[in-house]
Structure formats: structure tokens, C-alpha cells
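Worksheet for the structure shown next.
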Amino acid sequence: MPELPEVEMVVRTLRPRLVGQNITAVETSGLALRRPIDLKMLKRACVGARVDAVRRIGKYWLIDLSTEHVLLGHLGMTGRLVFADADAPRAAHTHAVFRLARGDELRYVDPRRFGVLRAYAAADAAQSAELAVLGVDPLERGFTVRYFADSLAASRRDIKAFLMDQSRVAGLGNIYVCEALFRAGIAPTRRSDRVAKKAEALHAAVVTVLKESIENRGTSFSDYVDADGQSGGNQRSLWVYGREDDPCRRCAGRIKRRVQAGRSTFFCPRCQK
DNA sequence: AAACTCCCCTGATCGC
DNA sequence: TGCGATCAGGGGAGTT
């Protein structure tokens, strides 16, 4: 579910409600996410900690704690972070609860349990299994046209698979890959090293598609909400994703769907070459 | 290096 | 109305 813009919205809505707050206790459901949750490590990091900062790298959210630890999470397909009063009933599939000294709780809810929730010593986080493999975040300074063009030139995979690969560009998922390729006018099956000439246009398309979605508070198909419980509005601005057989908004031709790397790709055969 | 297949898990939807 | 098949915005492991 959540790709870079949705995680960015979660981080932005967490920040004012969480920074400066103190965590007094942590609980978990006992069920594993993608991997089992290490409750001992979560407690070591969180109990008695003050939240110093909330940030994002790719699709990961990070909470910096005064204990010199970092809480790191990924929302998978269906993960949510929600605030609730401590005595409010817990939603089904609540797998972690962080009690705040203020009296309320931050809860991690994830029906499909494809998410990640881990704590690291602050000095170790960047070298963690999750973060060490990530490429450049497309909204950071390091995402230059040069970096992107060189990276494209070095790959013979199709451009859809390339853009989905978090070790190249960290944060794009199925929706924004489809949208960025449409915006740049590039067919999803083109070989990466052969779109190098269009690297600048594709680079701009990636950045624009992400920024526009953030302005629209992210894309909500079914379950995505930010930490205030708000749905996004970007689903109304999509050009191709989820629009199989609908008319292209640019040329009025028919939007097609094909399966690539195990996932649906939506594209306009007339607008994307 | 990259493509495949299968896997993790729940829930919504669709065709019969 | 019920029921199974299929699909979903995520990633990873193991195999060619």
C-alpha cells in the first residue's frame, strides 16, 4: 500500500503529535510481522525514551529516541500508525502499542503483517539490513539526473522492474512507477539502458509525481490513512494506475494492463513509447 | 545480473 | 446466499 508519499504523510502527521513525548511502555501482539518482533529490543529502545525526531527514508519511517536508539518501521501493504486513548478498544490486528506519558498510545495496526518494526542502536541503523541496501531517496539531494542516468545506463532490465527496485531508487512502488512512466511517455517494457536519453525527463517525472501526490495527501485505494486518520486524495489524480480499459486522459485511447515482474502495470500504448 | 516461482497474510470482490 | 478463485499499494528467498 504505502509508497513514498503515503509514508511521508504518515511522518508529517506523526511529527507534531509525537516529538517531545515520552514513551512509558511497549506491548506487542506476539504475532510475527514479516519477521518476529523483538520485544526486548523495542523495550530497550523505547521505555523511558523521549521522541527526538521523526523522519523517512524511502518507504521506511524512523523515530529517533533519546536513548540513542532508532525505531524503524515499514508499513508493508496494510500497516497503519494510529493514536488512541489508552482505554479505547484496540482495532483488530493491532500488533504493537507504545504507551505515551501524555496518556494516549501510538498503535501499529497491520492486517496482512507484511510490515517491519525494529529497533536499532542509533549508530547501527544506517548499516541495518533494511537501510543499507537502499538506493537514493528521490526527494533527497543525492537524487541527481547524473546519478539516475548512470544507474539506468548500467541496467539491462526493463524500466518498470528497475524503478520498482528499492536498491536503485528508494520509495517508488507500483502506483508511482506506472504514473511516472506515463508522465515521461516511456513504455514500461523498455530496457533501462535504452531510455538513458530520456533520463532527464523520467527523473523529473518521478519527482513531480511524488510531490504532487504529497500535495494531495497521498493515494488511498482502500486502507491507507495518515497518522491523523485522514485518507489521501491523490487517487483522483491518477492518469493510468487502476484505470484498465478506461479512456486515456491525454489521448482518449484505452488504458492497458499487463503483468510485469508479478505485478500489474497500467499504461497507455499510444502515449508511452 | 536478472528473471522466475513461490512465499508471507488478511480481506474485498467477482463469477458461478 | 454461499463458496472458491483471484487480486491487492510490500518485500524476500531460492532457483535457473
Side-chain angles (χ1 to χ4, degrees), chain A residues 1-10 29-37 56-61 72-81 91-95 108-118 128-135 150-182 188-194 206 209-210 213-214 216-226 231-245 257-266:
Chain A
M1 177 237 353
E3 306 180 30
L4 186 154
E6 291 75 39
V7 181
E8 178 65 21
M9 286 311 302
V10 167
S29 66
L31 292 178
L33 303 180
R34 204 185 301 166
R35 293 180 172 182
I37 298 175
R56 180 192 60 73
I57 301 175
K59 299 177 192 172
Y60 288 93
W61 51 266
L72 176 153
H74 190 297
L75 301 173
M77 293 278 268
T78 53
R80 297 182 179 195
L81 288 165
H93 311 295
T94 298
H95 297 299
Y108 179 67
V109 181
D110 187 358
R112 289 179 75 179
R113 289 191 269 134
F114 287 173
V116 171
L117 186 61
R118 298 194 70 170
S128 63
E130 290 80 10
L131 301 184
V133 297
L134 295 184
D150 287 351
S151 192
L152 281 173
S155 173
R156 300 161 64 88
R157 310 169 71 184
D158 65 59
I159 186 66
K160 167 82 188 299
F162 175 94
L163 292 173
M164 292 288 286
D165 183 347
Q166 303 299 295
S167 73
R168 306 290 191 152
V169 180
L172 296 173
N174 213 17
I175 295 178
Y176 300 108
V177 167
C178 292
E179 294 296 309
L181 287 172
F182 175 83
T189 45
R190 292 283 303 281
R191 239 174 65 169
S192 301
D193 57 352
R194 294 191 180 155
V206 165
V209 157
L210 296 173
S213 180
I214 292 168
N216 289 327
R217 305 184 58 91
T219 302
S220 292
F221 268 99
S222 52
D223 28 25
Y224 163 72
V225 292
D226 64 27
S231 296
N234 195 62
Q235 58 279 10
R236 292 187 289 274
S237 302
L238 300 176
W239 291 83
V240 288
Y241 185 84
R243 301 192 64 245
E244 183 180 15
D245 292 338
R257 183 178 78 98
R258 67 183 303 144
V259 175
Q260 247 178 313
R263 293 200 151 80
S264 292
T265 301
F266 298 89

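Order of the sequence lines fixes the chain letters, A, B, ..., with proteins taken first and strands second; residue numbering starts at 1 for each chain.
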Can you list the stems that include DNA chain C, where a stem is three or more consecutive Watson-Crick or G-U pairs with distances under 3.5 Å? B:2-8 with C:10-16, B:10-16 with C:2-8
On the nucleotide dG11(C), are OP1 or OP2 found under 4.0 Å from the side-chain N or O atoms that His74(A) carries? yes
Select base, sugar-phosphate, or nothing to describe what Ser222(A) touches, counting heavy atoms under 4.0 Å on all strands. base
Take atom OH of Tyr224(A) and atom C1' of dA8(C), then tell me their distance rounded to the nearest Å. 18 Å
Any salt bridge between Glu3(A) and Lys59(A), counting N to O under 4.0 Å? no
Taking CZ from Phe221(A) and P from dT13(B), how many angstroms apart are they, rounded to a whole number? 13 Å
So does Lys59(A) get a side-chain nitrogen or oxygen closer than 4.0 Å to the phosphate oxygens (OP1/OP2) of dG11(C)? yes
My understanding is that only residues two or more places apart in sequence, or in another chain, count here; which of them pass salt bridge (charged side-chain N to carboxylate O under 4.0 Å, His left out) with Arg217(A)? Asp226(A)
Of all residues at least two apart in sequence or in a different chain, which pass the ring-ring contact (aromatic ring centres under 6.0 Å, His included) check with Phe162(A)? none
Please list each protein N or O that sits under 3.5 Å from an N or O in nucleotides 7-9 of chain B, with the distance.
unit_1 : atom_1 : unit_2    : atom_2 : d
dC9(B) : O4'    : Arg112(A) : O      : 3.4
dC9(B) : O3'    : Arg113(A) : NH2    : 3.0
dC9(B) : O2     : Arg112(A) : NE     : 2.7
dC9(B) : N3     : Arg112(A) : NH2    : 3.4

Calculate the interatomic distance between Asp223(A) atom CG and dC7(C) atom P; express it in whole Å. 19 Å
Residues at least two apart in sequence or cross-chain that pass ring-ring contact (aromatic ring centres under 6.0 Å, His included) with His95(A), listed by chain then number, are none
Residues two or more places apart in sequence or in another chain: which of them pass side chain to side chain contact (heavy atoms under 4.5 Å, CB included) with Ser167(A)? Asp165(A)
Measure from CG on Leu172(A) to P on dG11(C) and round the result to the nearest Å. 10 Å
Rounded P spacing from dC7(C) to dT5(B) in Å: 14 Å
Write down the distance between CG (Leu75(A)) and P (dA8(C)), rounded to a whole number of angstrom. 20 Å
Report each atom pair, protein N/O against N/O of nucleotides 1-5 of chain B, whose distance is under 3.5 angstrom.
unit_1 : atom_1 : unit_2    : atom_2 : d
dA2(B) : OP1    : Ser155(A) : OG     : 3.3
dA2(B) : OP1    : Arg156(A) : N      : 3.1
dA2(B) : OP2    : Arg168(A) : NH2    : 3.4
dA3(B) : OP2    : Arg157(A) : NE     : 3.2

Between atom CD in Glu244(A) and atom P in dC7(C), what is the gap in whole Å? 11 Å
Base, sugar-phosphate, or nothing: which does Arg257(A) touch, judged by heavy atoms less than 4.0 Å apart? sugar-phosphate
Respond yes when some side-chain nitrogen or oxygen of Tyr176(A) is under 4.0 Å from OP1 or OP2 of dG9(C), and no when none is. no
Using salt bridge (charged side-chain N to carboxylate O under 4.0 Å, His left out) as the criterion, list what pairs up with Arg112(A), not counting sequence neighbours. none
The criterion is ring-ring contact (aromatic ring centres under 6.0 Å, His included); which residues satisfy it with Phe266(A), sequence neighbours excluded? Tyr241(A)
By side-chain hydrogen bond (donor to acceptor under 3.5 Å, both in side chains), which residues pair with Gln235(A), not counting sequence neighbours? none
Could you pull out all residues at least two apart from Arg257(A) that satisfy salt bridge (charged side-chain N to carboxylate O under 4.0 Å, His left out)? Glu244(A)
To the nearest angstrom, the CE-C1' distance between Met164(A) and dG10(C) comes to 8 Å
List the residues meeting side chain to side chain contact (heavy atoms under 4.5 Å, CB included) with Arg194(A), not counting sequence neighbours, and say none if there are none. Arg190(A), Arg191(A)
